[in-house]
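The structure appears right after this line, and notes come after that.
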Amino acid sequence: MATLEIRDLHVSVDTEDGPKEILKGVDLTIRSGETHAIMGPNGSGKSTLAYSIAGHPKYTVTSGSVTLDGEDVLAMSVDERARAGLFLAMQYPVEVPGVTVSNFLRTAKTAVDGQAPKLRTWVKEVRGAMDGLRMDPAFAERNVNEGFSGGEKKRHEILQLELLKPKFAVLDETDSGLDVDALRVVSEGVNRAKATTDAGVLLITHYTRILTYIRPDFVHVFVDGRIAEEGGPELADRLEAEGYDRFVATGA
Ligand SMILES: Nc1ncnc2c1ncn2[C@@H]1O[C@H](COP(=O)(O)OP(=O)(O)OP(=O)(O)O)[C@@H](O)[C@H]1O
Ligand SMILES: [Mg+2]
């Protein structure tokens with residue numbers, strides 16, 4: 001059982017006019033096996049939270065804490081965070097020219113585990129995971145995300161999740177741009193990862209559809225850099241029906 005704890009997190013981003021505060025005191029606790037959905041209007045800071053947990057250099061934590069089983073995550077480098085068991089599937093995955101999916105996955109696995117995976121079982125595992133995600137084996141020899149369609153990039157993110165087996169996974173709009181079949185396939189991948197590793201999942205989404213496949217234990221409404229309301233799965237349905245007016249109107 002592991003715990004990821006975010007306490008009163010304040011984060012700024014550097015702009016041409018100086019630093020701008022985006023996160024204004026985020027409190028969130030995720031335990032192994034739990035699924036937390038974060039919903040909220042565009043620009044409310046959801047991706048900023050994801051990047052801050054992962055350690056993106058563009059974001060400066062000005063106060064607050066992030067701990068994993070009591071260990072200070074904010075003091076860790078990006079690769080130390082990955083080794084500690086944190087994983088981020090980005091909203092807009094980046095291209096890595098000149099690096100094949102196959103090499104990328106093996107390098108990442110070696111870095112995260114601290115030792116190279118045994119070749120025979122590894123090759124089998126990669127094939128099995130790609131098969132489960134309905135990915136053509138030819139993808140293994142293509143450069144990471146180069147020319148991938150939106151949906152293919154998202155499958156590749158979940159492929160990493162299944163193979164790297166993190167303790168906590170932050171999935172930033174993994175469902176955006178997926179066709180109905182891909183949404184199901186990708187959701188099944190997340191559920192497989194959860195079932196085999198008991199990972200805690202932070203699922204950022206705009207849509208309730210993915211939440212019918214990946215059932216959240218908690219739903220958090222993110223507004224203007226902080227959590228404005230929390231509830232169970234029923235809160236997602238309410239947001240879909242009502243939108244965010246009542247939060248924005250009250251200046252929450
Ligand atoms: N370099 C920057 N200069 C100015 N504002 C910035 C900069 N980087 C981020 N921001 C602002 O930070 C806010 C939060 O952005 P973020 O990407 O976290 O939102 P989000 O909740 O993920 O939105 P979406 O639902 O559209 O993905 C936005 O208003 C964005 O414009
Ligand atoms: Mg975002």
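As the structure is a computational prediction, the values presented were derived from the model and not from experiment. As the structure lists them, so they are numbered: ligands from 1, and atoms in each ligand from 1.
Relative orientation of the His156 and Phe104 rings is tilted, given thresholds of 30° and 60° on the angle between their planes. Tyr244 and Phe247 have tilted rings, their planes meeting at an angle from 30° to 60° on a 0 to 90° scale. Between His220 and His36, the angle of the ring planes stays under 30°, which puts this pair in the parallel group of the 30/60° scheme.
Within the coordination shell of the Mg ion (ligand 2), defined by N, O or S atoms under 2.8 Å, Gln91 is present. The distance from the Mg ion (ligand 2) to the nearest N/O/S atom of Asn42 is not under 2.8 Å.
Distance from atom 24 (P) of ligand 1 to its nearest protein heavy atom, with residue and atom name: Asn42 ND2, 3.6 Å. Looking only at heavy atoms of the protein, atom 21 (O) of ligand 1 is closest to Lys46 NZ, 2.7 Å. Of all protein heavy atoms, the one lying nearest to atom 31 (O) of ligand 1 is Lys20 NZ, 4.5 Å. Here the heavy atom of the protein found nearest to atom 23 (O) of ligand 1 is Gly43 N, 2.8 Å. Nearest non-hydrogen protein atom to atom 17 (O) of ligand 1 is Ser47 CB, 3.6 Å. Among protein heavy atoms, the minimum distance from atom 9 (C) of ligand 1 is reached at Val13 CG1, 4.2 Å.
When non-hydrogen atoms are compared, ligand 1 lies under 4.0 Å from the backbone of Thr48 as well as from its side chain.
For Ser44, the closest heavy-atom approach to ligand 1 falls below 4.0 Å. Residue Glu173 places a heavy atom under 4.0 Å from ligand 1.
Asp72 places none of its side-chain heavy atoms less than 4.5 Å from the side chain of Ser65.
Short contacts between ligand 1 and Gln91, defined as distances under 4.0 Å to a heavy atom of the residue, involve ligand atoms 27 (O). For ligand 1, the atoms closer than 4.0 angstrom to any heavy atom of Thr15 are 2 (C), 3 (N), 4 (C). Of all the atoms in ligand 1, the ones that sit under 4.0 Å from a non-hydrogen atom of His206 are 25 (O).
Remark: the Thr15 side chain and the Asp17 side chain contain no N/O donor-acceptor pair separated by less than 3.5 Å. Judged purely by distance below 3.5 Å, without hydrogens or angles, the side chains of Asp198 and Ser32 never pair a donor atom with an acceptor atom.
Comment: Glu188 engages Arg184 in a salt bridge, judged by a side-chain N to carboxylate O separation of less than 4.0 angstrom. Lys165 and Glu125 are joined by a salt bridge, as a carboxylate oxygen and a charged side-chain nitrogen come within less than 4.0 angstrom of each other.
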Just do the side chain to side chain contact (heavy atoms under 4.5 Å, CB included) check on Thr110 and Gln115 with the steps written out, would you?
CA-CA 5 Å; Thr110 304; Gln115 58 179 36; 5.9 Å; no
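Residue nearest to atom 10 (N) of ligand 1, selected from Asp14, Ile22, Asp17, Asp172: Ile22 (by heavy-atom distance).
Surrounding CD of Glu71 are at most 12 heavy atoms belonging to other residues, nucleotides or ligands under 6.0 Å away.
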